[in-house]
Amino acid sequence: MDVIVCVKHVPETAEAEIKIDSSGKSIEKAGLVFDINEWDDYALEEAVRIKEKFGGTVTAITVGSEEAESTLRKCLARGADQAIRVDGKAFEGSDGYATAKILHRAIKDMHFDIILTGMQAGDDGYAVVGPVLAEMLGIPHATMIKKIELGEGVAKVNRELEGGLEEKVEVKLPALFTVQTGINEPRYVSIMGIRKAMKKEIKVLGLADIGLTENDVGEAGSWIKIEKLFIPPVEKQAEFIKGSPEEVAAKIAEIIKAKGLV
Amino acid sequence: MREIFVLTEHRRGQIRDVTFEMLTKGRELAEETNTELTAVLLGKDVKEYAKTLSEYANRVLVVEDTKLENFNSEAYQKVLANLINERKPLLTMMGHTSYGVELAPSLATALNLPLATDCIDLTFENETFFVTRQMYGGKVNVRAVVRKSESYIATVRPATFQPQKPESMNGEITEIASPLTEEITEKRFIEYVLPPPGGVDITAADVLVGIGRGIKDEKNLPMMEELAKALGGVLACSRPIIDKGWLPSDRQVGTSGKTVKPKLYIAVGISGAFQHVLGMKNSDLIIAINKDPNAPIFSFADYGVVDDLFKIVPQLKEKIYELKGQKA
Ligand SMILES: Cc1cc2nc3c(=O)[nH]c(=O)nc-3n(C[C@H](O)[C@H](O)[C@H](O)COP(=O)(O)OP(=O)(O)OC[C@H]3O[C@@H](n4cnc5c(N)ncnc54)[C@H](O)[C@@H]3O)c2cc1C
Ligand SMILES: Nc1ncnc2c1ncn2[C@@H]1O[C@H](COP(=O)(O)O)[C@@H](O)[C@H]1O
């Protein structure tokens, strides 16, 4: 089984303070820590497990600048055999659709049985790249996958539905699956893995290598164009309880008591 | 007259709420753009739904086929592509749900129509289509303009628009012959997989201590467990806690977990992503403890504490026992 995994290098923002930059169209990236997109971490692990069970190769691919190489190195350290980075100045402003176009051109002549992507990217959250890429490649896809069982020419996959429900679907291979968190437990990287990964070459492709023009990518080649970012308006704000931890705890306890809950 | 399509989402014998939310927003958009609202209904033996939908839309287009019995994006895409090509709706809306996420991007690609996903607002201004959506787990909103097109597709975030039944709507119901002449070969629905029967029913608890990624390590679970015990409640959690296997899946609150409405929900180290919030925002009293003053959870909580949870939680446990006149 040859598996291609699409990975994105994204900023970790859950605990960071976010500031909109002067262009108004992007956030200030300085000071943010970047890592592999959470969903892609699970996708990569699933790819490596498929390789371990059935043999074959794992290729990690990203559309991103040089900084994204740390995410590719992480993939190599965790068991990917090769890594590809597609980069170009014209890519800036690409939405999920334009990104899928770029990935399509980079992947279409490669051999694969399965392509894995994350269900969504934690930064833009489009949840489109996987299915768009599948449609461009002319292969079936299934999204939000919680389980993959491979058979002869087919895969049985569990798709997550709402409220804890799943559906089991059979999909013909080659196919693309978008992976949901919790499908597996991503492994830690071994020191040996890291050492080996440092030595591996990362293949870099540009706009011309993949046969696209500037109009196909960036804002020009996108479905949607960001006009402005803004901090979500707060309709309601919690009443903040201040003081030392002990004072705060005492106040909360009083509030809970006033409600008759203790 | 041109139309706005709303794709009906239904599963296991029920029309899903997001359908009525979209029909409500769709009606507003139809008025704004001088178009008609059309509910699109695909399925098998679904005519009874058509009656309900006709109370919300100018028209219900029904396509029945055994191949449409359960959602299958391959089959749905073929039928919808036909309808969109023939009727050229200004906009086709579907839920940003498991179904919409599977269907919309490949449909849009196949038809070469622009798609905007997970929209929390949609407007047409001077014949330009604008959407509002979120980035960075809900910390930032984006207003975006959609590439000019004759027809658009959008997926709409569930529970964003308040469903409202119009006063006098009695849409016509039109049956359309299924275009699915060939077999659906690439994807086959096998079965629904129900969650394993759980041990603890978090929907029945009066007090829930909801823990999130902020607790950092599995070894901190006992501390949280003790707080829950002091309050006579049980532990619930956000998704990452389940994904890491720290608690069984029946403890998950949110769109892919359970919807809870306890008398008290204490959110500890939970950022407040909408998928979590949808599962707990109707709790009677919500208290959030988070070290990030900008965490979205604070817009849903009644009381907030901006501090390190590891300092607050042990103290809180003590104070609760003090009030109860018991020793911890
Ligand atoms: C299709 C889909 C379905 C989903 N369904 C669900 C669902 O049902 N339920 C759900 O919960 N999520 C769901 N999610 C995931 C959701 O989008 C969020 O990723 C998730 O809710 C985040 O969990 P969290 O708040 O625990 O973690 P994070 O977002 O990482 O937040 C951790 C918080 O802890 C705080 N923190 C860290 N350390 C401390 C400390 N020492 N003291 C105090 N605070 C601290 C941080 O400031 C941060 O706000 C779903 C996602 C998708 C795509
Ligand atoms: N720049 C990128 N490079 C490689 N893969 C990407 C990129 N952007 C998105 N993807 C893949 O597509 C998935 C969904 O992203 P999105 O559609 O942007 O939410 C991600 O989880 C990745 O697997």
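Residue numbering restarts at 1 for every chain, and letters A, B, ... go by the order of the sequence lines.
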Check B:A288 against B:F298 and note the closest heavy-atom contact, atom names and distance.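 So the minimum-distance heavy-atom pair works out to O-CE2, 3.5 Å.
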So which of [options] has the largest heavy-atom pair count under 4.5 angstrom toward chain B?
options	value
A:T181, A:I20, A:V171	A:T181
A:V234, A:V10, A:I252	A:I252
A:A249, A:P186, A:A175	A:A249
A:L133, A:V157, A:I224, A:I139	A:I224
A:A127, A:P140, A:P232	A:P232
A:D95, A:I226, A:L161, A:L173	A:L161

Any donor-acceptor N or O pair under 3.5 Å, side chains [X], [Y]:
X	Y	value
B:K187	B:S73	yes
A:E166	A:N158	yes
B:E9	B:T97	yes
B:S98	B:E102	no

Side-chain heavy atoms of [X] within contact of [Y], under 4.5 Å:
X	Y	result
A:T143	A:E160	no
B:F130	B:V146	no
B:I202	B:L208	yes
B:L231	A:L261	no

Is the Lys NZ or Arg CZ of B:R157 less than 6.0 Å from the centre of B:F274's six-membered ring, within 45° of the axis?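 Satisfied, under 6.0 Å and within 45°.
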Is it the side chain or the backbone of [X] that comes within 4.5 Å of chain A heavy atoms, both, or neither?
X	answer
B:T259	neither
B:D307	side chain
B:S299	both
B:Q77	side chain
B:A108	both
B:L194	both
B:I287	side chain
B:K291	side chain

Check the orientation of B:F129 and B:Y152. Use parallel for under 30°, tilted for 30 to 60°, and perpendicular for over 60°.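 Because their plane-to-plane angle lies in the 30° to 60° range, the rings of B:F129 and B:Y152 count as tilted.
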Are [X] and [Y] close enough for a salt bridge, meaning some N to O gap below 4.0 Å?
X	Y	result
A:R159	A:E167	yes
B:R12	B:E191	no
A:E162	B:R16	yes

Using modelled atom types and a 3.5 Å cut-off, is there a donor and acceptor pairing between side-chain atoms of B:K281 and backbone atoms of B:A301?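 The answer is no, because no donor-acceptor pair under 3.5 Å joins these two groups.
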Sort A:K25 into side chain, backbone, both or neither according to what part of it lies under 4.5 angstrom from a heavy atom of chain B.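 Contact with chain B involves no heavy atom of A:K25 at all.
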Counting only heavy atoms closer than 4.5 Å, note whether A:A14 contacts chain B via side chain, backbone, both or neither.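 Looking at A:A14, just its backbone touches chain B.
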Where along residues 262-273 of chain B does a heavy atom come under 4.5 Å of chain A, listed by residue number?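 Residues of residues 262-273 of chain B touching chain A at under 4.5 Å: B:K263, B:L264, B:I266.
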Shorter than 4.5 Å, heavy atoms on both sides: which option in B:N294, B:D292, B:T255, B:I120 has the most such pairs with chain A?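 Greatest number of close heavy-atom pairs with chain A: B:T255.
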Members of residues 34-44 of chain A whose heavy atoms come closer than 4.5 Å to chain B: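 The residues closer than 4.5 Å to chain B, in numerical order, are A:E38, A:Y42.
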B:Q275: side-chain hydrogen bond (donor to acceptor under 3.5 Å, both in side chains) partners, not counting sequence neighbours: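 Checked B:Q275 against side-chain hydrogen bond (donor to acceptor under 3.5 Å, both in side chains); zero matches.
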side-chain hydrogen bond (donor to acceptor under 3.5 Å, both in side chains) partners of residues 231-258 of chain A, not counting sequence neighbours, each pair once: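 Non-adjacent pairs meeting side-chain hydrogen bond (donor to acceptor under 3.5 Å, both in side chains): A:E246-B:K319.
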